[in-house]
Amino acid sequence: MPSLQNSKLAFIGGGNMASAIIGGLLNQGIPAQNITVSEPWDVNRNKIADLGVRTTTDNITAGGDADVVIIAVKPQVTKAVCEELAGAWEKRETLPVVVSIAAGITLGSLSGWLQGKDGRNVHLVRVMPNTPALVGEGASGLFASEDVTEDEKELVAALLGSVSKATEWVEREALIDVVTGLSGSGPAYFFAMVEHLIASAKALGLPEEQATRLAAQTCLGAGKMLTTSSDSPTQLRKNVTSPNGTTHAALETFNALGFNETVDKAVKAATDRAAELGNTLGKP
């Protein structure tokens with residue numbers, strides 16, 4: 001298996017997540033000529049082309065001879081893309097490693113769609129990254145099929161590590177759906193929290209511009225403390241919370257309104273929806 005530096009990489013789909021990963025790879029010194037992107041939309045394709053990589057509208061041209069193929073399309077079109085690629089790989093002596101970031105689509109579905117007429121199976125890795133990858137601060141969960149080798153795992157981890165500060169292999173495939181509910185959808189939870197903090201402060205008289213800057217920096221600062229401190233999130237919370245103080249009053253309000261239950265239900269709803277997508281879109 002070639003190293004990441006020497007691998008031919010193909011991205012099927014050139015949206016925001018593909019663009020983020022490609023940018024991270026280029027920042028790590030991966031040669032642009034080693035990367036090919038298939039993207040049907042002119043706007044996305046031109047944006048990707050500006051990075052200096054090869055672009056095409058044809059999936060076979062992009063992925064036909066690649067060492068690693070990243071399926072970066074919407075779950076609804078994953079089946080058609082996989083079946084197209086499977087036909088192109090039937091004459092290949094060595095099949096590529098396929099990395100899918102399509103939410104909910106299981107290894108079983110991917111394997112069936114990618115199996116050629118000769119019955120060979122590609123080595124598959126499911127990945128759930130998140131949008132902070134766009135600024136090099138992503139978090140990714142990964143799960144590999146049983147035939148994926150340690151070298152291949154290292155290759156995929158390096159690929160995702162170009163834009164992810166946390167890259168976690170999970171023990172069971174079902175846990176990828178939990179990763180989706182936690183970190184995959186998670187950025188939106190924090191954006192919503194900051195959005196409402198701003199609105200609350202504005203309603204109490206603080207100018208919106210000031211509220212926005214203060215809330216955004218508070219979110220960033222708290223996140224930095226979480227990733228750099230040896231203290232647990234629970235301890236960090238306690239450190240800020242003086243008995244009967246202002247923070248205590250706010251947290252008591254959260255608790256009285258069912259904050260814990262709300263978070264539980266939200267993460268479970270996203271997890272369940274990821275599994276539902278797999279069940280609905282993963283049918284033969």
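Rounding to the nearest 0.5 angstrom, the gap separating the OG1 atom in T106 from the CG atom in L277 is 12.0 Å. Here the OG-CD1 distance, from S38 to I70, works out to 12.5 Å after rounding to the nearest 0.5 Å. Distance CG/L197 to CG/L206: 11.5 Å, rounded to 0.5 Å. The structure places CD1 of I48 at 8.0 Å from CZ of F11, a figure rounded to the nearest 0.5 Å. Once rounded to the nearest 0.5 Å, the distance linking CG of L257 with OG1 of T262 reads 8.0 Å. Between the CD atom of E252 and the NE2 atom of H248 there is a distance of 4.0 Å, given to the nearest 0.5 Å.
Two different hydrophobic clusters hold I176 and V267 under the rule that ILVMFWY side chains link at heavy-atom gaps under 4.5 Å. The hydrophobic cluster containing L182 does not contain V127, counting ILVMFWY residues as joined when their side-chain heavy atoms lie under 4.5 angstrom apart, directly or transitively. Linking Ile, Leu, Val, Met, Phe, Trp and Tyr whenever their side-chain heavy atoms come within less than 4.5 Å leaves L134 and M128 in two separate clusters. A chain of hydrophobic side-chain contacts below 4.5 Å, direct or via other Ile, Leu, Val, Met, Phe, Trp or Tyr residues, connects V148 to I101. Both L251 and V263 belong to a single network of hydrophobic side chains, linked directly or stepwise wherever heavy atoms of I, L, V, M, F, W or Y lie under 4.5 Å apart.
Listed for the S111 side chain is no donor-acceptor partner under 3.5 Å among the backbone atoms of L107. Side chain of S164 to backbone of L160: a donor-acceptor contact under 3.5 angstrom is found. Within the 3.5 Å criterion, the main-chain N or O of A102 finds a donor-acceptor partner in the side chain of S100. Between the side chain of T227 and the backbone N or O of G223, at least one donor-acceptor pair lies under 3.5 Å. Looking only at distances, a side-chain donor or acceptor of T212 sits under 3.5 Å from a matching main-chain atom of E208. Side-chain atoms of R120 come within 3.5 Å of backbone atoms of E93 as a donor-acceptor pair (strictly under, hydrogens ignored). With N130 contributing its side chain and A139 its backbone, the two residues share a donor-acceptor pair below 3.5 Å. Without hydrogens or angle criteria, S162 side chain to L159 main chain gives a donor-acceptor distance under 3.5 Å. The backbone N or O of A86 sits nowhere less than 3.5 Å from a side-chain atom of W113 that would complete a donor-acceptor pair. Panel note: side chain S19, backbone G15; no donor-acceptor pair is recorded below 3.5 Å.
Counting heavy atoms from C-beta on, the side chains of T55 and E39 never come closer than 4.5 Å. A heavy-atom distance below 4.5 Å is not found between the side chains of L9 and N34. P40 places none of its side-chain heavy atoms less than 4.5 Å from the side chain of T57. With contacts defined as side-chain heavy-atom distances shorter than 4.5 Å, the pair L26/I35 qualifies. Within the 4.5 Å cutoff, side-chain heavy atoms of R126 are placed close to those of D177. Counting heavy atoms from C-beta on, the side chains of V179 and E168 never come closer than 4.5 Å. With contacts defined as side-chain heavy-atom distances shorter than 4.5 Å, the pair L124/L114 qualifies. Between D231 and R237, the closest side-chain pair of non-hydrogen atoms is not below 4.5 Å.
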### Task
Under the side-chain contact (heavy atoms from CB on, under 4.5 Å) rule, what do L110 and T78 come out as? Steps first, then yes or no, please.
CA-CA 8 Å; L110 292 166; T78 302; 3.8 Å; yes

### Task
Would you sort out whether I71 and L85 count as a side-chain contact (heavy atoms from CB on, under 4.5 Å), showing the intermediate values?
CA-CA 10 Å; I71 306 294; L85 290 170; 3.8 Å; yes

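With salt bridges taken as basic N to acidic carboxylate O contacts below 4.0 Å, one links D42 and R45. Comment: K268 engages D272 in a salt bridge, judged by a side-chain N to carboxylate O separation of less than 4.0 angstrom.
Residue W169 places its CH2 atom among more than 12 non-hydrogen atoms of other residues, nucleotides or ligands, all under 6.0 Å distant. Open room surrounds CD on E171; 12 or fewer heavy atoms of other groups in view lie less than 6.0 Å from it.
Shown here for A215 and I198, the closest heavy-atom pair between the two residues is CB-CG1, 3.8 Å. In plain terms, the two heavy atoms of V68 and P96 that are nearest each other are N-CB, 4.4 Å. Residues T247 and V240 approach most closely at OG1-O, 3.5 Å, considering heavy atoms.
In this structure K238 satisfies the side-chain contact (heavy atoms from CB on, under 4.5 Å) test together with T234, Q235, sequence neighbours excluded.
There is a side-chain donor-acceptor pair under 3.5 Å between S145 and D147.
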